Colleague: 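The following block contains the structure, expressed as structure tokens.
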Amino acid sequence: MSLEPFISLYRYALEPIAPFSWFGIKVCSIELVAALRLCTVLRQVREDLHAKHQRRAGDKPASVEERSFLRDACTSLTIKFGGEAIIGPLLGVPPSFVLSGVSPGVYIAAQAIVEYIPVIPSMSLGTELPLSIVDGFTRALLLCSLIPKPVITHASPVIATSPWTLLLSSLVIANGGFFITSMFSFLEPTPLTLTTPAAIKPYGWTATDLWCAPFITGLYALLTHAQPFWAELHSVISTVLGNTGDKVGPMDPEAARALCALILAGMFTTRTAKNYGLVWKKGVAEKIKIQ
């Protein structure tokens with residue numbers, strides 16, 4: 001299968017769009033889609049948790065804190081930039097939101113738009129299945145383009161060539177924000193409360209979002225030879241698979257990103273299918289929540 005259509009799609013989605021480009025502000029369509037998607041999902045989750053809280057209360061008055069736009073905007077910004085804020089100081093790299101206010105502004109604007117929509121349908125198979133493909137492409141941009149660059153271009157050779165640093169950065173940046181918001185109950189209808197994050201509850205490690213980040217970043221690094229370790233590993237794998245000819249070369253970064261996007265889309269589609277009962281689960285699999 002040719003990856004050219006997906007490469008072209010990425011190139012188009014990464015082009016600055018009007019009216020932002022008129023003022024020299026670089027905002028692309030894929031960033032807008034990702035921001036609106038995140039804010040919409042968070043509203044759906046909040047409304048679902050609120051309904052569950054009301055049902056648990058029954059006839060008794062439910063203790064619910066009045067929602068504020070600031071709290072909801074902070075939730076979106078924490079999920080987007082929380083992991084970056086954690087790993088940035090460890091690498092000696094300033095987080096992107098410190099250098100530019102464009103991306104935070106996009107997410108705050110997206111939050112405002114989503115909040116003023118009168119009704120948003122709850123999550124269902126019909127809506128989540130096609131959006132899983134969109135999620136694959138937006139997540140691949142993060143895991144293949146945005147996360148590896150600060151690591152592999154780092155001024156310190158030790159950091160720039162460390163595969164562990166690359167995978168750890170991917171894990172933390174992609175999941176750190178969700179960990180923080182879950183730990184402080186940002187999405188619950190009650191006041192902020194310290195609780196156990198979903199990721200470290202039983203079977204929380206099976207969440208697709210958790211393990212796909214280092215996996216996809218590692219796969220991208222393997223295909224593109226982003227660091228010497230990955231080039232050597234690619235050569236070893238090629239030899240084990242029977243290639244005794246010329247040394248295997250790196251894959252074009254755009255093609256590797258497109259391939260990773262397709263793999264992620266498949267992962268997220270499978271997760272959606274499992275969550276909504278399209279794939280039969282039994283035994284131990286019943287206990288594993290695909291998130």
Side-chain angles (χ1 to χ4, degrees), residues 20 25-28 30-54 62-91 93-120 122-123 131 134-135 138-139 141-143 146-147 150 169-201 204 207 209-210 213 291:
F20 306 101
I25 301 173
K26 294 183 179 179
V27 175
C28 56
I30 195 170
E31 183 176 10
L32 285 179
V33 170
L36 289 169
R37 168 65 170 155
L38 174 63
C39 295
T40 301
V41 168
L42 293 180
R43 177 173 168 180
Q44 290 171 319
V45 172
R46 287 198 310 270
E47 291 177 351
D48 181 62
L49 290 173
H50 185 273
K52 289 179 179 177
H53 184 73
Q54 296 282 18
S63 175
V64 176
E65 183 178 73
E66 183 180 358
R67 301 297 301 193
S68 69
F69 174 77
L70 185 58
R71 174 173 172 174
D72 294 335
C74 286
T75 303
S76 300
L77 293 174
T78 301
I79 289 177
K80 170 62 179 175
F81 300 107
E84 192 180 345
I86 295 171
I87 205 70
L90 299 178
L91 298 178
V93 178
S96 61
F97 62 86
V98 173
L99 301 177
S100 172
V102 172
S103 189
V106 167
Y107 277 80
I108 292 173
Q111 184 67 46
I113 292 171
V114 169
E115 288 302 314
Y116 282 100
I117 296 175
V119 177
I120 290 182
S122 59
M123 288 188 244
L131 287 173
V134 177
D135 292 341
T138 56
R139 190 67 60 85
L141 178 65
L142 172 68
L143 301 179
L146 302 181
I147 291 176
S169 298
S170 180
L171 177 68
V172 174
I173 292 175
N175 296 287
F178 289 101
F179 190 91
I180 295 171
T181 54
S182 177
M183 181 168 64
F184 289 101
S185 310
F186 267 92
L187 294 171
E188 295 287 345
T190 54
L192 296 184
T193 306
L194 191 64
T195 187
T196 305
I200 58 176
K201 288 181 179 179
D209 287 310
L210 186 66
Q291 300 177 10

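Below, all heavy atoms of this structure are taken into account, side chains as well, without hydrogens, waters or symmetry copies. Keep in mind that this is a model prediction, so the values were computed, not measured.
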Colleague: Answer yes or no: is there a side-chain heavy-atom contact under 4.5 Å between S122 and D48?
Modeller: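 Not touching, per the 4.5 Å side-chain cut-off.
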Colleague: Minimum heavy-atom separation for S182 and A198, please, with both atom names.
Modeller: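 So the minimum-distance heavy-atom pair works out to OG-N, 3.0 Å.
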Colleague: Measure the CG-CG distance between L38 and D135 for me, rounded to the nearest 0.5 Å.
Modeller: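 Those atoms lie 10.0 Å apart.
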Colleague: List the atom of R37, the atom of L131, and the distance in Å for their closest heavy-atom pair.
Modeller: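 Answer, listing the atom of R37 first, then L131: NH1-CD1, 3.3 Å.
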Colleague: If I take atom CZ from residue R67 and atom NE2 from residue H50, how far apart are they, to the nearest 0.5 angstrom?
Modeller: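 Here the rounded value is 9.0 Å.
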Colleague: Roughly how far apart are F81 CZ and T78 OG1, rounded to 0.5 Å?
Modeller: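 Output value for this atom pair is 10.0 Å.
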Colleague: Mind jotting down which residue pairs meet the side-chain hydrogen bond (donor to acceptor under 3.5 Å, both in side chains) criterion with at least one end in residues 93-115? Sequence neighbours excluded, please.
Modeller: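 Listed by first then second residue: E31-S103, R46-E115, S76-Q111, E84-S96, Q111-E115.
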Colleague: Quick one: closest heavy-atom pair of I108 and F69, and the distance?
Modeller: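 Looks like O-CZ, 3.8 Å.
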Colleague: Determine whether S169 and L91 make a side-chain contact, defined as any pair of heavy atoms from C-beta on separated by less than 4.5 Å.
Modeller: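 Yes, side chains in contact.
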Colleague: Scan V114, I79, T181 and name whichever one has a side-chain contact (heavy atoms from CB on, under 4.5 Å) with L42.
Modeller: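 So the option named by the test is I79.
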Colleague: Are R43 and D72 close enough for a salt bridge, meaning some N to O gap below 4.0 Å?
Modeller: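 Salt bridge between R43 and D72, a charged N being under 4.0 Å from a carboxylate O: no.
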Colleague: Under the side-chain hydrogen bond (donor to acceptor under 3.5 Å, both in side chains) rule, what pairs show up with a residue in residues 183-201, not counting sequence neighbours?
Modeller: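 Listed by first then second residue: nothing to list.
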Colleague: Got a list of side-chain donor-acceptor pairs under 3.5 Å for residues 170-179, not counting sequence neighbours?
Modeller:
unit_1, atom_1, unit_2, atom_2, d
S170, OG, A213, O, 2.9
S170, OG, T217, OG1, 2.7
N175, ND2, L171, O, 3.0
N175, ND2, L210, O, 3.4

Colleague: Locate the shortest heavy-atom distance separating L192 from F186; write the atom from each residue and the value.
Modeller: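 What the structure gives for the nearest pair is CD2-CA, 3.9 Å.
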Colleague: Nearest 0.5 Å, what's the CD-CE distance between E47 and M123?
Modeller: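 Result: 10.0 Å between the selected atoms.
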